[in-house]
There are 2 protein chains.
Amino acid sequence: MTRETPARPTIYDVARRAGVSKSLVSLVLRGAPHVSAARRQAVLAAIEDLGYRPSRAASALASQQTRSIGVLIDDFRNPWFVELLAGLRSVLDPAGYTVSVADFQLEAASGRNPVDGFLAQHADALVLAAEPDAALLGEVPVPVVVAGVRELGPATLPEADVVAGDDEHGGTLATRHLVELGHRRIGHITGRGGPAAHRRRGYERTARDAGLEPFVAGQDGGTAEADGYAATVRLLEERPLLTAILAANDVMAVGALAALRERGLSAPSDVAVVGYDNSPLAAYRYLALTSVDPHSRDIGAEAARTLLTRLEQPDAPPRPALLEPTLVIRSSSGA
Amino acid sequence: MTRETPARPTIYDVARRAGVSKSLVSLVLRGAPHVSAARRQAVLAAIEDLGYRPSRAASALASQQTRSIGVLIDDFRNPWFVELLAGLRSVLDPAGYTVSVADFQLEAASGRNPVDGFLAQHADALVLAAEPDAALLGEVPVPVVVAGVRELGPATLPEADVVAGDDEHGGTLATRHLVELGHRRIGHITGRGGPAAHRRRGYERTARDAGLEPFVAGQDGGTAEADGYAATVRLLEERPLLTAILAANDVMAVGALAALRERGLSAPSDVAVVGYDNSPLAAYRYLALTSVDPHSRDIGAEAARTLLTRLEQPDAPPRPALLEPTLVIRSSSGA
DNA sequence: TTGAAAGCGCTAACAC
DNA sequence: GTGTTAGCGCTTTCAA
């Protein structure tokens with residue numbers, strides 16, 4: 001009533017101008033099936049003329065659906081999420097969903113449960129681009145799809161759909177690449193969590209298959225740059241003669257580069273380095289990391305499709321999807 | 001009515017259980033001023049017991065306020081936004097606002113106007129952590145605060161509050177640092193846009209004051225890593241004897257490192273490199289960029305406070321805030 | 001194919 | 001201080 005609100009047009013206004021009832025307008029709005037072309041045109045025209053925008057609040061209240069999807073990113077500082085998000089939006093946007101993203105680290109730091117935040121917003125569903133945490137996810141009343149993270153047995157959400165890259169295979173690809181380059185002493189830096197564990201497994205199996213002894217560091221550390229550095233320092237202390245290092249992700253690989261340099265070693269001439277995620281970081285010329293590409297954009301798109309399906313068929317059995325990663329070769333591996 | 005909705009408790013249920021009217025519950029919910037302690041307790045208890053969560057849709061509809069703030073980030077791949085966002089949330093969260101973020105690049109790529117997205121969601125206000133674009137912002141019916149970007153005259157939104165770092169002074173700090181280190185041939189790589197322009201100005205003035213000839217490249221390019229690389233290549237072609245380079249931001253600085261290396265030069269031994277933003281990138285050990293710290297977290301917090309004030313007093317005159325940057329010295333400048 | 005009418009859950013006067 | 005009462009703008013049966 002104040003000057004604040006220049007009286008946004010409502011569905012009533014549209015109906016009046018188009019000479020129809022508001023129900024009809026509502027139908028047109030949602031791409032109704034059985035509306036005469038004439039009326040539809042009239043409604044569309046009225047909408048256009050008035051500059052009408054439906055009120056999300058009202059429709060959410062009436063329909064009990066917000067048409068919004070919460071996306072929980074593990075850590076904004078690890079840029080692997082960028083493509084994932086692009087993929088998600090490429091299908092969610094056209095479907096009329098709004099996506100709102102939050103950063104797990106940030107939320108957790110302030111003592112909040114990020115999932116609660118989304119629930120408070122009444123998101124219709126959640127995308128978890130992070131390690132699912134049973135504690136946090138205890139009682140989520142909406143569909144959840146885990147994207148980009150292939151879960152380990154016990155932590156699995158019984159109800160959740162999973163769309164991820166085949167991390168174990170990715171670990172294999174990277175390791176095989178190194179083996180084919182002639183490396184015999186290949187180390188691996190890893191961290192806590194499911195994705196790292198799968199990648200590690202791929203590394204270990206492939207190394208053994210090639211008759212090499214796997215050597216891993218950082219198993220109970222984090223997966224950030226500093227953790228990559230620290231793990232590499234330890235790795236080199238115990239195995240000074242390594243000629244190659246596979247990192248559980250790109251940022252850790254950057255940490256590894258630092259540790260190598262401090263020892264007077266450089267990549268790829270002394271030690272080959274391979275990352276994982278093919279994040280924007282890997283493409284930086286100065287780093288030029290050979291990296292496993294999980295095809296995060298595709299994962300995002302597929303996750304979104306899965307979500308849409310789930311929303312339509314809440315009771316369908318979850319069908320986990322595992323995308324095949326590929327290897328992007330840049331100079332850090334000396335290939 | 002389907003099994004879908006396990007009948008979420010409403011304000012009615014709370015009221016009944018607490019033995020009060022729903023208005024009273026509503027009052028308590030919003031930290032009412034004049035409610036008796038006893039009743040308040042009863043209401044709070046009932047809320048707790050029932051696991052009640054207010055419906056945002058309903059309250060938005062009734063109050064015409066969504067209590068949500070849209071934050072528009074320039075580019076998710078440039079991690080300077082992380083701290084800014086943390087600062088924003090540190091004050092918006094406690095104030096009961098939800099922040100939803102979008103990435104300008106991503107939105108633009110899909111041909112959407114990101115501001116429209118927020119308006120469709122009926123955000124109560126917008127934070128622009130990006131260059132304000134008059135075209136996009138034409139008719140924004142809600143308060144806007146520009147955060148982290150100090151605007152240039154003509155592009156200025158008449159109505160917008162601005163909270164930014166003093167980029168010109170930052171440029172000065174960085175340049176002075178280099179001068180004090182004894183450098184006489186200092187180049188600068190820059191790009192389009194306001195922040196870069198201010199930083200450049202600080203560089204140019206300080207260089208001249210020190211009796212040095214400023215030399216700038218990349219003026220009409222972008223501000224990503226590849227642009228930093230390209231600008232440095234040109235810089236070095238024309239001024240092969242430079243001993244220091246100031247970049248308009250950290251990612252460009254990383255691009256510069258690559259260009260230097262390709263010419264057989266390294267930082268800091270041959271050429272000192274300084275970045276800007278003090279983003280997570282700068283702190284990577286492998287990069288260890290000396291960088292101007294705009295104190296993005298503080299900027300975010302201040303921007304949020306400004307927003308809150310504006311929301312209460314829509315007609316108060318804008319009061320731009322300019323925070324003082326500091327210099328974070330790491331090894332890339334050889335100090 | 002279209003319209004009427006009853007809410008969705010909450011806020012905000014206004015009474016009491 | 002606390003309760004009553006209208007809506008907020010849309011969706012959704014149910015009739016027509």
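Heavy atoms only: backbone and side chains are in, while hydrogens, waters and symmetry mates are out. As the structure is a prediction and not an experimental result, all values here were calculated from the model.
Nucleotide C:dG9 holds its P atom 20 Å from the CG atom of B:Leu27, rounded to whole Å. The distance between atom NZ of A:Lys22 and atom P of C:dG3, rounded to the nearest whole Å, is 10 Å. We find that OH of A:Tyr12 is positioned 9 Å from C1' of C:dA5, with the value rounded to whole Å. Spacing between atom NE2 of B:His122 and atom P of D:dC8 amounts to 15 Å, rounded to whole angstrom units. What separates CZ of A:Arg56 from C1' of C:dC8 is a distance of 17 Å, to the nearest Å. A:Leu29 places its CG atom 15 Å from the P atom of C:dT2, with the value rounded to the nearest Å. A:Ile11 has its CD1 atom 18 Å from the P atom of C:dA6, to the nearest Å. We find that CG of B:Leu61 is positioned 13 Å from P of C:dC8, with the value rounded to whole Å.
Here the side chain of A:Ser279 pairs no donor or acceptor atom with the backbone of A:Pro79 at under 3.5 angstrom.
Taking the six-membered ring for Trp and thresholds of 30 and 60 degrees, A:Phe76 and B:Phe76 have nearly parallel ring planes, at less than 30 degrees apart.
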Item to check | From CA spacing to verdict: side chain to side chain contact (heavy atoms under 4.5 Å, CB included), B:Val163, B:Arg305 | outcome: CA-CA 10 Å; B:Val163 178; B:Arg305 273 181 234 113; over 6 Å; no
Next on the checklist: Set out, in order, the CA-CA distance, both residues' side-chain angles and the distance that settles side chain to side chain contact (heavy atoms under 4.5 Å, CB included) for A:Arg56 and A:Thr98, then state yes or no.
Outcome noted: CA-CA 11 Å; A:Arg56 292 194 139 245; A:Thr98 279; 2.8 Å; yes
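OP1 or OP2 of C:dG3 lies within a sub-4.0 Å distance of a side-chain N or O belonging to A:Ser21. For the pair A:Tyr52 and D:dC10, the criterion of a side-chain N or O lying under 4.0 Å from OP1 or OP2 is met. Close to C:dG3, at under 4.0 Å from its OP1 or OP2, lies a side-chain N or O of A:Arg39. Applying the 4.0 Å criterion to OP1 and OP2 of D:dG9, one finds that B:Gln64 has a side-chain N or O inside that range. Taking only side-chain nitrogens and oxygens, B:Ser59 never comes nearer than 4.0 Å to OP1 or OP2 of C:dC10. For A:Ser55 and D:dC10, the shortest distance from a side-chain N or O to OP1 or OP2 is not below 4.0 Å.
In the set D:dC10, C:dA12, D:dT4, C:dA12 carries the atom at the smallest distance from any side-chain atom of B:Ser63. Across D:dT5, C:dG7, D:dG7, the shortest atom-to-atom separation from the side chain of A:Ala62 is found for C:dG7. Nearest nucleotide to the side chain of A:Leu24, out of D:dT2, D:dT11, C:dT2: C:dT2.
At a cut-off of 3.5 angstrom, the base of C:dA4 holds at least one donor-acceptor pair with the side chain of A:Ser23.
Heavy atoms only, all atoms of each residue included: A:Ile47 and A:Leu29 are closest at CD1-CD1, 3.4 Å.
Among the protein residues, B:Val20 comes within range of the sugar-phosphate backbone only, with heavy atoms under 4.0 Å from sugar or phosphate atoms but none that close to a base. Using a 4.0 Å heavy-atom criterion, one finds that A:Ser36 contacts the sugar-phosphate atoms exclusively.
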